[in-house]
Every structure is written in structure tokens, then in C-alpha cells.
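Worksheet for the structure shown next.
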Amino acid sequence: MYEKRLGDAGYLKFKLGRTNNRGDGLLTAVHKDYFRVINYRELHFNDCGDRVAQLLHVELVTPASQCRNNDPCQEILIVNTHLLFPHDSSLCIVRLHQVYKILQYVESYQKEYNLNPLPIMLCGDWNGSKRGHVYKFLRSQGFVSSYDTAHQYTDADAHKWVSHLNHRGNICGVDFIWLLNPNSYRKLLKTSWTEAVFGMFKNQLRKASLTEDDAFAFLKADNDGDYITYSGFCEALRQFNIIGHRYGLSVEETNDLWVQADIDGNGVVDYKEFQLRIWKPTWSEPRDGDIKEGQERGHKVTEKYGRKKQATGFSVKNAVLFPPEVEKGRWPENYFLSDHARLTVVFSPITMPCSQLA
């Protein structure tokens, strides 16, 4: 059905099944009258969910006159994926890993082809809401939810729309088309990753009803000193299923976390370091002030060496969910076409200065 209907309508089709013959997967269809596909890549996570992702490097099909004088035509990186469902707390780190791998892959692809800054879109079923760690991780990297942008919703407006009736009978907003423009303020990817893991760790400590002092004592374990050792730190991570299983953090990633926690590098984490890095981590989505400051700093760098570097990004013109009831936070009882709402977003190309912090 999809092969014929989409083919007859002028779409190029890119299919990718989940690993281990799971029987389903991803489909990205690109209309050949509007886009030229420059490259297509596949990413296999090879984890317990057998999840996969697609990366398409496309270019808008525009009249040759618009690309003359060496002016770049509009290029976009588009990712399609379907993250693992968080069946239990041990899978939270797997889901974060999946997003981290996607962003690492996109970053390495840009370096491999020496690409100028260009917009990135991440699409799919993220199996997590605006309250989750994946959402906050992507926000910390400068991505914005196109639907929320179109409706001027904030990160706190998680209750205003839904897109999925899951197998547990719960309704939630899990389908996103994320946009990262070339002028967006971005932290280093590794910094965002470690902050996201610490945020998850803190959440697990609080779920265990531990106060700040109790959490520090828990991490100290049987240590007599007023500090946390590396072994105590690892044991706590193991108890919260962040390490110690096939799809948990690697030894290298665990060491990276420890280096971030041990601010002064003396081999132990004291109470102040515990507060700064674990109990009161600074990770969060970028605030408006951060974005503005980052862009201004980027402008100063380009002005120092001459003309500001320009790039083409996108503004969000409109975004609609169907059926319309889901835009009010309700799932219609008589809707059986799918357990997901359809998300349609209209983008418009715009010229903008590049952020030098990307």
C-alpha cells in the first residue's frame, strides 16, 4: 500500500526495519519535486529495544537562479526515529543513550563532510513527554518543539496537548518534530550528556525519598570520611540501574561522570561538590537569556573578523495535530485510525546569523 500510493504521488521512500527481525521500523518519504536527497544513512542502536534511526541530508529544490553567485541552496539534516518505551526505570538510561547516539552521529556526519551550519530536524515517536529526561536533554542542546513553538507554549505546558493513547491506556504527548536552527545556542554535547545523566541520578535519589543529607550518606556508603569515593559512587549508580547491565553506562562514561563530579580532581567528592554536581545540578534547557547572550557572543566573534556569517534556517509557520481533540489534551473515544495523532508542521526558510557556539 505504501509503496504504490507514495510512489504514485512522487515520493522517494526510505525504509528501515528494527534489528532482530522485529517486524516493524521506520519509513521516511521525501517528495522528489521539492527535495533532492544528498545522502542517506542508517543508525542501528543495537540495544535491548532493537531500535533504529534514519538520517537524511536533503536540499530544497529551487530554481537555479536562486543558487547562483555561489549562494548556498537550502540544506537540511532530517532524522527519523522511534525510541524505546520506558517500561521500567532501568530503560531511562537506554533512552538517553539512544538520543545521545543520534546527536553524536549527526555531529560526526557534519564533521565528515565539513558542512556549514545548517538546520537539523528530529522527527518521530519519542515515547516520552515534556516532563522526561529525553525532552530536557534535547532542550539543553538548543532544540525546540515545533508544535510548541507554533502555539507559543512553554516547557511547562505539558498538559495542553496529547498525541498518543499508549498500551497502558494513558494519554500523553510523545510525538515531536524538533528543530535546531544554525543560530541556536548550544552546549557541548558531552556536557549536556553528563548533566542529563546527573539529572536522572538525582531523580532516582528523590524517588527513593532521600533528603539531601540522606543522599550524601547513601553515596558515602560505609566510608568513614566526609566524602564520596569512586567505589561508593559506582555502587549507587549500580543500585539505580544506571550501570551494571548490558545497556547501562560504559566504564568510560562512568569515569567521565566521576571527573565531572570531582571538581577539584582530588579523587573524592566532598559535600559541596555533591551539591553542585549531583543534588543541585545546573543542567537545564537553555533560557531565553542564554540564547540571546549566546547569539550576541557569536555575533561579536564574526564582527571581529569582518562580515557576519549568515546561514539559512527555518521559522515555524504552523503546526496542527489531528484529530483536533488532542490539541485540547483529550483523546476522542471514537478515533480508531491510530493510537497516535498526526502531527503536521509547516516551516518557512529564513536567513539568520550563525551561532559560533554550535
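In this structure F233 satisfies the ring pair (Phe, Tyr, Trp, His ring centres under 6.0 Å) test together with W258, sequence neighbours excluded. In this structure E235 satisfies the salt bridge (charged side-chain N to carboxylate O under 4.0 Å, His left out) test together with R238, sequence neighbours excluded. Contacts of P324 classified as side chain to side chain contact (heavy atoms under 4.5 Å, CB included), with partners at least two apart in sequence or in another chain: F322. Taking E112 as the reference, R41 meet the salt bridge (charged side-chain N to carboxylate O under 4.0 Å, His left out) condition, with sequence neighbours excluded. The ring pair (Phe, Tyr, Trp, His ring centres under 6.0 Å) search around H87 returns F85, H167, not counting sequence neighbours. When the ring pair (Phe, Tyr, Trp, His ring centres under 6.0 Å) test is applied to F14, the partners found at least two apart in sequence or on another chain are Y40. K328 is linked by a salt bridge (charged side-chain N to carboxylate O under 4.0 Å, His left out) to nothing, counting only residues two or more places apart in sequence or in another chain. Remark: D157 pairs with T154 by the side chain to side chain donor-acceptor pair (under 3.5 Å) rule, at least two apart or across chains.
Looking only at distances, no side-chain donor or acceptor of R36 sits under 3.5 Å from a matching main-chain atom of V61.
Grouped with L27 in one hydrophobic cluster are M1, Y2, L6, Y11, the linkage being side-chain heavy-atom contacts under 4.5 Å among Ile, Leu, Val, Met, Phe, Trp and Tyr residues. V259 belongs to no multi-residue hydrophobic cluster, having no ILVMFWY side-chain contact under 4.5 Å with any other such residue.
Under 3.5 Å, the side chains of E212 and Q275 contain a donor-acceptor pair of N or O atoms.
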*What do the steps show when you test W193 against H97 for ring pair (Phe, Tyr, Trp, His ring centres under 6.0 Å), and what is the final call?*
CA-CA 9 Å; W193 161 250; H97 247 146; 5.1 Å; yes

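For the salt bridge (Lys or Arg N to Asp or Glu O under 4.0 Å) condition, the pairs that include at least one residue of residues 5-26, sequence neighbours left out, are E3-K13, E3-K15, K4-D8, R18-D24, R22-D50. Within the structure, no pair that satisfies the salt bridge (Lys or Arg N to Asp or Glu O under 4.0 Å) test touches residues 330-345, not counting sequence neighbours.
Between F176 and Y135, the ring planes are tilted. Angles from 30° to 60° get that label. Relative orientation of the Y34 and H31 rings is tilted, given thresholds of 30° and 60° on the angle between their planes.
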